[in-house]
Amino acid sequence: MPNFTINGIAATVPDGTTILSAAHTIGIEIPHYCYHPKLSIAGNCRMCLVEVEKFPKLQIACNTVVTEGMVVRSDTEKVRKAVTGVLELMLIHHPVDCPICDQAGECGLQNYYMKFGLHKSRYDLEDKVHKKKVQDIGGQIVLDAERCILCSRCVRFLQEITKTGEMDFFQRADHSEISIFPGRKLDNDYTGNLADICPVGALTSKDFRFKCRVWFLSGVESICPGCSNGCNIVADFKGDILYRLKPRRNDDVNQTWMCDLGRLEYRKANESRLLVPVLREGGKPVAASWDEVLMTSAMRFREAAEKHGPGSVAVIASPQSSNEELFLAKKLASEILKTETIGFTSRTPGDGLSDDFLIKADKTPNSRGAQLLGFAEEGFGRAVKAISDGKIRALLIFGTALSDLSDAEVESLLSKVPFVAHVGTGDGAVSRAAHAVLPSASFAERGGTFTNFAGRVQRFRRGFAPRGKARNDIEIIVGLANRLGAGWKFDGEESVFKALSEASAPFSGMSYESLGSGGQAVAEGR
Amino acid sequence: MTIGVKKVARPEKMSFGESLYLLEIMKGLAVTMGHFLHNIAHNKDIPTIEYPEVRRTMPARFRGCHRLMKRPDGSPRCVACYMCATACPAKCITIVAGESPDPAVEKYPVRFDIDMLRCVFCGQCVEACPCDAIRMDTGWHTPPEDTREKLIYMIDKLLEK
């Protein structure tokens, strides 16, 4: 545990800590491009130069280990001059095409130029070396070789994290550039990360390309709803449109990465959404008010239970719902509707791609939560059997899709039930067959917690108000329960989570405060 | 009583002569005629002008109607960088960017609308533009239109001038 001082501040850090990360822990930011906390150290950008006492020359902070009694300064004129020189060197051949560059606004070159540069170019425009722009190199990435500062983060990512090694340096000196090997495009499921780790605009996202300027976006801490891994993300939105999902660091879950499939999950929150409550009496869909839809649904459920017994009512929960919503759905099913026919399924349409890193075969974010809160996969089979036997008179379905059933199968199955109420975000076979459609908020429009495959409970937060007339699922379930005489008083997801942690053993002792931004694992063995 | 309110005493009942309003109408017409005759006699003093035959001289630095500049080949010079939309205090510029088929251009505006009804003619968009693609014309103002839709200038209109 060496003691050292940086800019006059004394600190003790663990053995083997580099100056850069030691400075970071005490709140001193040292500029850098090539250093990345989850990649090996290359030390080739030379931006992190600092002055170390008794060293004749400036040292790179990213690769100099702190030793006992070291005295470091990152704020001297000598350091500033060196950093400015390094930056000027990097900008010599940079095309400065910020107006058409998607990185503008979150660009390392822009930020450090404003901080350390502010110089006029000493290089003639005609002398700049031009390289190939707008290259589709596969995956989700567009390469602009001209903008690259040769920090090698992408090369190291592909060698160390995906271990596929599709990119490398080519040519020499002024002409050096990064590229893929001829005819061999990026071929892995994590290419989107290259756009994130690229400190400049050399590697940008094909999907986000030209969609929106980044300074118009606001971000909210969220959890990727694409699979049960529960990668921590930031959901970037403008108004009520989600534009992109970016990974957020959580060393226990996804480090700083996320997969390409997850990155496209934002589309579901934008496309084919259910926006108005609909009642379908006698086959014709009619837009209705929330009160009408909730009242009609409550009436039909009560009617079915009174005439045919509680066994004629079924609830199919969705692993897309948060723990809070599942808790209330369970409470509604067992306390108010008093039915045993409940279940959920983690099966979804698609091939269920998985690997040994971040992508899980279970494409739902909260099937573990559903299991812990009293829903079972076997229950889904029982419910489907009861439905096809014609025993179910009223059915409450959560979620946009129903297992991996085709549209025709869903239609023929649901046609056997006299009343289907559907709580979901997206239009599909289920909502088209439902007699009451209760549009619910997407993951960016509501708050709550998901439990990932390993039992880690993580919070996702609300970015903006639900689109159209869609409502938070909690409001919908509480509205339905209260019209069935429950008299519940829940005010937002936090109050539900409090009740949940008191009622459900795996979640006991948890609160939104204790979850923080990194989440917390459920109690072992339960 | 609230400050600034004056109670005017009105007669309980008007006489027959008063209720005809004849005298008051005559008084009113006299004022109108007085102005009319005065204007005929001294028509140099009339504040109104006979627009559009007669126009006021605009200040040399007046900047009014927007235009988008073109490249030599006729395509818009604008690269849809959103600087003008970002600088605009009235938020009257709507841009949708697209991928240009020409790789040397890369990015171009698919849509570029200026809502002239919202514009405050501050010139920040011109100031912000890194490509000198948007300018504001001197010497004339936004021509009036009879519908609101016509005052939302689309890219074609902005380019044709």
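Below, chain A is the first sequence line, B the second, and so on; all start at residue 1.
- In this structure, A/Lys469 places its NZ atom where only 12 or fewer heavy-atom neighbours from other residues, nucleotides or ligands lie under 6.0 Å away.
- Within 6.0 Å of atom CD in B/Glu12, 12 or fewer heavy atoms from other residues, nucleotides or ligands are found, so the atom counts as exposed in its surroundings.
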**Request:** Output, in order, the C-alpha distance, side-chain angles, deciding distance and verdict of side-chain contact (heavy atoms from CB on, under 4.5 Å) for A/Cys101 and B/Lys107.
**Result:** CA-CA 9 Å; A/Cys101 179; B/Lys107 196 178 179 188; over 6 Å; no
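- The 12-atom threshold is not exceeded at NE2 of B/His35, counting heavy atoms of other residues, nucleotides or ligands nearer than 6.0 Å.
- The neighbour count for A/Asn111 CG, taken as heavy atoms of other residues, nucleotides or ligands under 6.0 Å away, is above 12.
- Pairing each heavy atom of B/Val105 with each of A/Ile100, the nearest pair is O-CD1, 4.1 Å.
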Practice problem: For salt bridge (charged side-chain N to carboxylate O under 4.0 Å, His left out), just list the numbers for B/Glu106 and A/Arg209, CA-CA rounded to whole Å, side-chain angles, deciding distance to a tenth of an Å, and then say yes or no. | Solution: CA-CA 11 Å; B/Glu106 211 173 324; A/Arg209 189 167 165 83; 3.2 Å; yes
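- Here the closest heavy-atom approach between residue A/Phe210 and residue B/Ala97 is recorded as O-CB, 3.7 Å.
- Around CZ of B/Arg71, the count of heavy atoms belonging to other residues, nucleotides or ligands within 6.0 Å exceeds 12.
- Nearest approach of B/Pro130 to A/Pro99, heavy atoms of both residues: CG-CG, 3.8 Å.
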